[in-house]
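Below you'll find the structure, written out as structure tokens, and then a few comments.
Quick note: numbers below take in every heavy atom, side chains included, and nothing from hydrogens, waters or symmetry partners. Sequence lines set the chain letters: A, B, ... in the order given, protein chains first and strands last, and positions in each chain run from 1.
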Amino acid sequence: MSKDYDGLSEAELYKLFYDIIRDIPAGKVASYGQIALLADRPRDGRYVGHALHAVTDPSIPWQRVVMASGEIAARSNPGERERQQKLLKQEGVEFIADFQVDMQRCGWQKMPPDLFG
DNA sequence: GTTTTGACATTGA
DNA sequence: GTCAATGCCAAAA
């Protein structure tokens with residue numbers, strides 16, 4: 001173990017992020033802080049971003065991960081950002097702006113209180 | 001080996 | 001309400 005994250009190895013931490021992202025249902029989006037929080041790593045949103053950039057697994061719906069403001073994360077390739085918005089739209093995610101997701105409606109939450117009641 | 005940048009979040013003014 | 005500064009950790013130069 002070269003590095004230890006509070007007892008977790010880097011692979012474990014990355015896997016944890018991937019696992020959480022994989023749990024995001026289609027048509028909904030989660031923010032970096034949300035994932036970082038679920039991974040027991042608050043304020044480590046930047047770390048989540050790196051985990052997504054390092055990801056090469058097509059099974060990881062990184063497109064459903066947006067910033068806390070609901071805006072799509074700006075990548076090095078602006079074209080990819082546009083494609084991401086299109087993908088999210090195809091999944092049913094509502095956009096209040098060209099690169100702004102409606103977190104109020106598509107904000108992913110583990111358990112919507114008044115959605116099944 | 002050090003330095004800089006990077007798919008962000010949070011707090012303060 | 002928006003704008004600015006700080007903190008976090010890692011990968012790349």
Item to check | For atom OH of Tyr47(A) and atom P of dG7(C), their distance in whole Å | outcome: 20 Å
Item to check | Canonical and wobble pairing (Watson-Crick, G-U, under 3.5 Å) of DNA chain B, dot-bracket with | | outcome: .|||||.||||||
Checklist outcome for this item: Sorted by position of nearest nucleotide on DNA chain C, 5' first, the leading residue of Tyr14(A) and Arg43(A) is Arg43(A)
Next on the checklist: Looking at Arg83(A), I'd like to know if its CZ atom is crowded, meaning that more than 12 non-hydrogen atoms belonging to other residues, nucleotides or ligands lie closer than 6.0 Å.
Outcome noted: no
Next on the checklist: Whether Glu91(A) and Arg64(A) form a salt bridge (side-chain N of Lys/Arg under 4.0 Å from carboxylate O of Asp/Glu) is what I want to check.
Outcome noted: yes
Next on the checklist: Which heavy atom of Ala39(A) sits nearest to which heavy atom of Phe17(A), and what is that distance?
Outcome noted: CB-CE2, 3.5 Å
Checklist outcome for this item: Scoring nucleotides 1-7 of chain B by protein non-hydrogen atoms under 4.0 Å (B base, S sugar-phosphate only, - none) yields -----BB
Checklist entry - Where the side chain of Tyr14(A) meets the backbone of Val48(A), is there a donor-acceptor pair that is under 3.5 Å apart? => result no
Next on the checklist: Whole angstroms only, please: what is the CG-P distance between Asp44(A) and dA11(C)?
Outcome noted: 13 Å
Next on the checklist: I'd like to know whether CD of Glu82(A) has more than 12 heavy-atom contacts from other residues, nucleotides or ligands below 6.0 angstrom.
Outcome noted: no
Item to check | Heavy-atom side-chain contact between Arg22(A) and Asp57(A) under 4.5 Å | outcome: yes
Item to check | Donor-acceptor under 3.5 Å (Asp102(A) side chain, Gln104(A) main chain) | outcome: yes
Checklist entry - Is any side-chain heavy atom of Trp108(A) less than 4.5 Å from a side-chain heavy atom of Val29(A)? => result no
Checklist outcome for this item: With syn meaning chi within 90° of zero and anything else anti, the base of dA9(B) is anti
Item to check | Val66(A) vs Glu71(A) side-chain heavy atoms within contact, under 4.5 Å | outcome: no
Restricting to nitrogen or oxygen on both sides, can you table the protein-nucleotides 2-4 of chain C pairs closer than 3.5 Å?
none

Item to check | With Ile72(A), the side-chain contact (heavy atoms from CB on, under 4.5 Å) member among Arg81(A), Glu80(A), Gln63(A) | outcome: Arg81(A)
